[in-house]
Amino acid sequence: MSAAPAEAAGLRFAPRPGAAPARRMIAAQALQEIRQLVRNGEQLTLTLIIPLLLLTAFSLENLVNLGAGMTRVDFLTPGVIALAVMSTAFTSQAIATGFERRYGVLKRLGAEPLSRGGLIAAKTACVVVVELLQAVIIMGVALALGWSPDASPAAIVTVPLLVLLGTAAFSGFALLMAGTLRAEATLAGANLIYVVLLGVGGVVFPLSKFPASVRPVLELLPTGALSTALRDVLARGAGLPLAETVALAVWAVAGIALATRLFRWE
């Protein structure tokens, strides 16, 4: 069709340049992040295999006196869920993003309309999808091992809220580390923090076994707050733990704010 007939028919073929809506850009980036994670065997080991091995191995050993009415698997399951959140939202994401930055992937993304906040939102969305899969598998294995949760109906709301706050907190600091440090430093630091928080975050051992002088600090750390809150909700039938929820919210706001401000594409 020639230009003259097209104009006569009222048709317009002029280009309309511009960025796609933010939601579409975030969704496309999140889908790409999920594809990359599924293809990475090392990240899958960190995010799924290690938590499942800890749940299975430590559930079979009565290593610590947990008190009457709570079995090892009842104690471990909320902590392992918290560990899975940390594995995915912090350690795995920090390492992957750090090397993406080193190899210039983020520099290319920086030339696109996707903002820093959009990139953080996309990576967080990817993490949430993976965590849903983790939660289903971990709870299925825990039930097979004899887990008997004692939760109120409100847990349907409180557990996702706690996991979402923990995810936001860990994601923010993962991107802060990956966006400000060298990839090698991010790799070492993320793994070191993972091991330390695994030991002192209330995942395998109760925080009550630590000295009273350091216990309040451990309870306010993201892993300690998340594992304690999930345990109160899933093993003790509590409602929303206020102190732990506030602690996670503060960590989330601080981490995301710092990552958005200081993240470097190069």
Side-chain angles (χ1 to χ4, degrees), residues 47-48 50-52 54-56 58-59 63-90 124 127-173 197-210 215-253 255:
T47 58
L48 187 59
I50 292 178
L52 287 178
L54 287 172
L55 175 64
T56 304
F58 282 93
S59 293
L63 299 179
V64 180
N65 182 13
L66 302 173
M70 184 179 293
T71 64
R72 283 296 297 173
V73 70
D74 290 338
F75 174 84
L76 281 168
T77 301
V80 170
I81 293 174
L83 177 66
V85 172
M86 181 178 70
S87 300
T88 305
F90 177 72
T124 301
V127 167
V128 170
V129 171
V130 174
E131 286 174 351
L132 289 174
L133 176 61
Q134 287 176 306
V136 171
I137 296 175
I138 289 172
M139 289 190 291
V141 173
L143 289 171
L145 292 171
W147 179 43
S148 180
D150 181 15
S152 68
I156 298 176
V157 175
T158 56
V159 170
L161 175 61
L162 291 169
V163 170
L164 184 60
L165 287 174
T167 299
F170 285 122
S171 291
F173 283 97
L197 292 182
L198 171 61
V200 302
V203 175
V204 177
F205 303 106
L207 294 179
S208 60
K209 301 301 178 181
F210 291 90
R215 197 179 308 156
V217 176
L218 299 181
E219 291 173 350
L220 291 178
L221 293 175
T223 308
L226 183 57
S227 62
T228 300
L230 290 176
R231 195 166 289 118
D232 286 343
V233 173
L234 294 175
R236 300 186 176 98
L240 183 65
L242 183 58
E244 289 80 7
T245 302
V246 171
L248 289 172
V250 170
W251 282 110
V253 171

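Values reported hereafter were calculated over all heavy atoms of this structure, with side chains retained and with hydrogens, waters and symmetry mates removed.
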*Asks:* Testing the basics here: between Ala169 and Leu248, what is the closest heavy-atom pair and its distance to 0.1 Å?
*Replies:*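 Smallest heavy-atom distance, with atoms named: CB-O, 4.1 Å.
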*Asks:* Which value, rounded to the nearest 0.5 Å, describes the distance between Thr245 atom OG1 and Leu240 atom CG?
*Replies:*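 These two atoms lie 3.5 Å from each other.
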*Asks:* Please find the pair of heavy atoms, one from Glu131 and one from Val163, that lie closest to each other, and give the distance.
*Replies:*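 Distance-wise, the nearest heavy atoms are OE1-CG1, 3.7 Å.
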*Asks:* Under 3.5 Å, is there a donor-acceptor pair between the side chain of Ser227 and the main chain of Gly224?
*Replies:*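 Checking the backbone N and O of Gly224 against the side chain of Ser227, a donor-acceptor pair under 3.5 Å is found.
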*Asks:* Just so I know, are the side chains of Thr223 and Leu83 near enough to count as touching, which here means a heavy-atom distance under 4.5 Å?
*Replies:*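 SC-SC contact between Thr223 and Leu83 ruled out.
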*Asks:* Does the side chain of Thr71 reach to within under 4.5 Å of the side chain of Ser148, using non-hydrogen atoms?
*Replies:*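 Side-chain contact under 4.5 Å: no.
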*Asks:* What heavy-atom pair brings Ser87 and Pro51 nearest, and what distance separates the two atoms?
*Replies:*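 That closest heavy-atom pairing would be OG-CG, 4.3 Å.
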*Asks:* Here's a test for you: under side chain to side chain contact (heavy atoms under 4.5 Å, CB included), which of Thr158, Leu161, Asp150 qualifies with Val233?
*Replies:*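 For Val233, the side chain to side chain contact (heavy atoms under 4.5 Å, CB included) test succeeds with only one of Thr158, Leu161, Asp150, which is Thr158.
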*Asks:* Please confirm whether the backbone N or O of Leu165 pairs with a side-chain atom of Trp251, one donor and one acceptor, at under 3.5 Å?
*Replies:*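 No, Trp251 side chain to Leu165 backbone: no donor-acceptor pair under 3.5 Å.
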*Asks:* How close do Trp147 and Met139 get, heavy atom to heavy atom, and via which atoms?
*Replies:*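 Shortest heavy-atom contact: CZ3-CG, 3.7 Å.
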*Asks:* How long is the gap from CG on Leu226 to CG on Leu197, to the nearest 0.5 Å?
*Replies:*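 Output value for this atom pair is 11.5 Å.
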*Asks:* Does the Lys NZ or Arg CZ of Arg72 fall within the cation-pi geometry relative to Phe58 - under 6.0 Å from the ring centre and within 45° of the axis?
*Replies:*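 Cation-pi check for Arg72 and Phe58: fails.
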*Asks:* Nearest 0.5 angstrom please: Ser152 OG to Arg236 CZ, how far?
*Replies:*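 CZ of Arg236 is found 14.0 Å from OG of Ser152.
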*Asks:* Quick one: sort the Phe90 and Phe170 rings into parallel, tilted or perpendicular, breaks at 30° and 60°.
*Replies:*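 Tilted, since the angle between the ring planes falls between 30° and 60°.
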*Asks:* Please report the interatomic distance CD1(Ile81) to CG(Leu76), rounded to the nearest 0.5 Å.
*Replies:*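 So the gap between those two atoms works out to 11.0 Å.
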*Asks:* Determine the minimum heavy-atom distance between Phe210 and Leu218, stating which atoms define it.
*Replies:*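 The answer is CG-CD1, 3.7 Å.
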*Asks:* Are Thr77 and Val141 side-chain neighbours, meaning at least one heavy-atom pair lies under 4.5 Å?
*Replies:*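 The answer is no; the side chains never approach within 4.5 Å.
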*Asks:* Drop me the distance from Leu55's CG to Ile137's CD1, to the nearest 0.5 angstrom.
*Replies:*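 Here the rounded value is 12.0 Å.
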*Asks:* Could you report the tightest heavy-atom contact between Leu162 and Ala229, atom names first, then the distance?
*Replies:*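 Heavy atoms only, the tightest pair is CD1-CB, 3.7 Å.
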*Asks:* Just verifying a value: how many Å separate Leu221 CG and Met86 CE, rounded to the nearest 0.5 Å?
*Replies:*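 Interatomic distance, Leu221 CG to Met86 CE, rounded to 0.5 Å: 10.5 Å.
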